[in-house]
K.L.:
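I am attaching a structure below and will ask some questions about it afterwards.
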Amino acid sequence: MDRDEMTKPTDEYQPRKPISKAEREARKAFRQVDAVKAMSEHALAEEAFARNRERLKAERLAREAAAGPAPKKKPKTKSK
């Protein structure tokens with residue numbers, strides 16, 4: 001068998017096989033399940049992000065409170 005016989009010609013149009021109503025309904029159901037799963041994963045990721053952000057904020061505020069007030073910086077003067 002030639003290599004050319006194994007590949008499909010790209011210039012030849014092949015119409016799609018029509019899908020049945022049952023297959024269309026099954027695809028629709030699977031899409032809905034996948035969408036619900038994706039949304040729940042997204043919600044869990046958002047919740048984890050918010051908890052981590054609040055934890056880091058609390059740690060930063062605790063560090064700043066323990067360090068005391070930050071000294072004020074003097075503005076730099078331009079030298080000629």
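In this chain, numbering begins with 1 at the start of the sequence shown.
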K.L.:
Hey, can you pull the donor-acceptor pairs under 3.5 Å for the side chains in residues 51-61, sequence neighbours left out?
P.N.:
unit_1	atom_1	unit_2	atom_2	d
R51	NH1	E47	OE2	2.9
N52	OD1	R55	NE	3.4
N52	OD1	R55	NH2	2.5
R55	NH1	E59	OE2	2.9
R60	NH1	E64	OE2	3.4

K.L.:
Not counting sequence neighbours, which residues clear salt bridge (Lys or Arg N to Asp or Glu O under 4.0 Å) with E23? List them please.
P.N.:
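E23 satisfies salt bridge (Lys or Arg N to Asp or Glu O under 4.0 Å) with R27 only.
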
K.L.:
Table please: side-chain donor-acceptor pairs of residues 35-42 below 3.5 Å, with sequence neighbours left out.
P.N.:
unit_1	atom_1	unit_2	atom_2	d
S40	OG	V36	O	3.4
S40	OG	K37	O	2.8
H42	NE2	E46	OE2	3.0

K.L.:
Can you name the salt bridge (Lys or Arg N to Asp or Glu O under 4.0 Å) partners of R24, sequence neighbours left out?
P.N.:
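If we apply the salt bridge (Lys or Arg N to Asp or Glu O under 4.0 Å) test to R24, skipping adjacent residues, there are no hits.
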
